[in-house]
Amino acid sequence: MNIGIVGGGAVGLLLAAYLGQRHEVTVYTRRLSQAEQLAKCGVALKKDGKTEVVAVRAQPFAGAELVEPLVFVTVKQYDIAAVCAQPDSFRCVRTLVFLQNGMGHIEKLSAFADKNVIVGVVEHGALKLDDRTVVHTGVGKLTLASLYGAPAMAAELSGDSDFPIEWADDWERVLVDKLIVNAVINPLTALLQVKNGALLEVAPYRDMMAQLFDEVRQVLPLHSAEQAWQRIVHICRSTADNYSSMYMDVANGRRTEVDAILGYVLRQGEARGVALPLVRFVFCALKGKEGGNADG
């Protein structure tokens, strides 16, 4: 199967490494230099002290016309608008899979309502070392659900024990379950500059996590608040030695996805007339760290 992957970040490289073992994969990057390196040297996947190189094709996304029938879009939430602004690039694509944190991108995906559109969440730990090297820091799963149309070719994908793929019936529940985890763990680890496990190991940090969860859950359609909390605790524990993606963004002076995560939560609170003072405090603190505008 021919598969395209838009985005050469940690998630894009991890997907390319695993899918490229069974399929013909083309990675569409922001920079020509990254595309040239990937095309020449392949993706280097590091896991458990071993390195495997997987051959892929690559080219810059700007101006490209994607010919693959199945395409994964792995860019950060704040880059989705730019992707949606190039519908002609996707004329030949039949099925699109969007893998973003948060839920602010859902309304933008109506631009592709004539295609099979799938949304999903990645629960693997991945760390990009350079333009072609990704470390698989923790095995999780890729969960997918249909937004428009049918699963189509994506349903033919098969995972394995290192990269399992699951399907769900309710796309909103899949995204909400991931959103509340991201809304609690990522901002606090980024703000406190600690690994995920510290939120459980340090009692005041665990109290902060519980307080933030109590606010966030007021405005998200959770199936079970208790299950959601236990899931947060489980992920904190199972990824104790990992740094969250938001931590890495702050540490490296990059823009974070706090707008797509806590910004979305704040907008839900405003729509429901629910004040979320702690959420706004953490949101503003992180916007200050990235030097951005704190408009929620």
Side-chain angles (χ1 to χ4, degrees), residues 1-7 9-27 45 54 66 68-77 80 83 90 93-126 136 138-183 220-224 227-228 230-232 234-235 238-239 245 260-261:
M1 188 188 310
N2 288 329
I3 298 173
I5 298 174
V6 178
V11 171
L13 293 180
L14 189 70
L15 274 175
Y18 280 104
L19 296 181
Q21 296 173 22
R22 304 183 184 184
H23 307 280
E24 293 290 333
V25 168
T26 301
V27 182
L45 172 67
V54 180
L66 283 64
E68 297 79 18
L70 173 61
V71 171
F72 287 81
V73 179
T74 68
V75 300
K76 292 290 185 77
Q77 172 84 231
I80 282 290
V83 170
F90 299 93
V93 178
R94 295 197 293 272
T95 304
L96 280 163
V97 183
F98 290 86
L99 303 176
Q100 279 71 42
N101 288 325
M103 295 179 65
H105 61 299
I106 294 299
E107 59 187 22
K108 298 182 179 71
L109 303 189
S110 60
F112 303 109
D114 61 326
K115 303 182 184 297
N116 299 309
V117 175
I118 295 163
V119 293
V121 298
V122 179
E123 296 181 353
H124 292 273
H136 194 178
V139 175
K141 61 182 177 180
L142 172 63
T143 304
L144 305 174
S146 292
L147 180 65
Y148 302 121
M153 294 184 68
E156 300 175 22
L157 295 174
S158 59
D160 55 35
S161 59
D162 288 329
F163 198 77
I165 298 173
E166 295 184 3
W167 283 88
D169 296 328
D170 186 343
W171 66 265
E172 183 179 45
R173 183 171 179 183
V174 168
L175 296 190
V176 168
D177 284 351
K178 180 68 181 300
L179 174 59
I180 196 158
V181 171
N182 287 337
L220 294 183
L222 298 177
H223 179 72
S224 165
Q227 288 181 8
Q230 291 303 324
R231 189 163 179 266
I232 290 170
H234 170 74
I235 290 175
S238 63
T239 62
S245 58
I261 297 173

- Task: Would you check if the side chain of Arg231 reaches a backbone N or O of Asp177 as a donor-acceptor pair within less than 3.5 Å?
- Result: yes
- What closest approach, in Å, do Met103 and Gln77 show between heavy atoms, and which atom pair accounts for it? N-NE2, 4.1 Å
- Message: Distance check, rounded to the nearest 0.5 Å: Leu222 atom CG versus Arg173 atom CZ?
- Response: 9.5 Å
- Hey, could you give me the CG/CG distance between Leu142 and Leu157, rounded to the nearest 0.5 Å? 8.5 Å
- Roughly how far apart are Lys178 NZ and Asn101 CG, rounded to 0.5 Å? 4.5 Å
- Message: Please find the pair of heavy atoms, one from Tyr148 and one from Ala113, that lie closest to each other, and give the distance.
- Response: CD1-CA, 4.0 Å
- Val97 versus Leu70: any side-chain heavy-atom pair under 4.5 Å? yes
- Query: Do Leu109 and Leu96 pass the side chain to side chain contact (heavy atoms under 4.5 Å, CB included) test, and can you show the C-alpha distance, the side-chain angles, and the key distance before you say yes or no?
  - Reply: CA-CA 10 Å; Leu109 303 189; Leu96 280 163; over 6 Å; no
- Task: Identify the two heavy atoms, one from Gly120 and one from Leu175, that lie closest to each other, and give their separation to 0.1 Å.
- Result: O-CD2, 4.1 Å
- Where the side chain of Gln21 meets the backbone of Val54, is there a donor-acceptor pair that is under 3.5 Å apart? no
- Message: Give me the atom names and distance for the closest heavy-atom approach of Ala145 to Trp171.
- Response: CB-CA, 3.6 Å
- Query: Under the side chain to side chain contact (heavy atoms under 4.5 Å, CB included) test, which residues partner Asp160, sequence neighbours left out?
  - Reply: Arg22, Asp162, Phe163
- Is there a donor-acceptor pair closer than 3.5 Å between any side-chain N or O of Asn116 and the backbone N or O of Ala150? yes
- Item | Reported CD1-to-CD distance for the pair Ile106 and Gln100, which is rounded to 0.5 angstrom | 8.5 Å
- Message: To check you understand the geometry: which heavy-atom pair defines the closest contact between Leu179 and Ala260, and what is its length?
- Response: CD1-O, 4.5 Å
- Note on the structure: Interatomic distance, CG@Leu45 vs CG@Leu14, rounded to 0.5 Å, equals 6.5 Å
- Between Glu123 and Lys141, is there a donor-acceptor pair closer than 3.5 Å when you use the side chain of the first and the backbone of the second? no
- Among Val174, Val119, Leu99, find the one that has a side chain to side chain contact (heavy atoms under 4.5 Å, CB included) with Leu144. Leu99
- Item | Atom of Thr143, atom of Ala168 and distance for their closest heavy-atom approach | CG2-CB, 4.2 Å
- Pairs flagged by salt bridge (Lys or Arg N to Asp or Glu O under 4.0 Å) wherever residues 93-122 is involved - sequence neighbours left out: none
- At what distance, to the nearest 0.5 angstrom, does CD1 of Ile5 lie from OG1 of Thr74? 7.0 Å
- Would you please name every residue forming a ring pair (Phe, Tyr, Trp, His ring centres under 6.0 Å) with Phe72, sequence neighbours left out? none
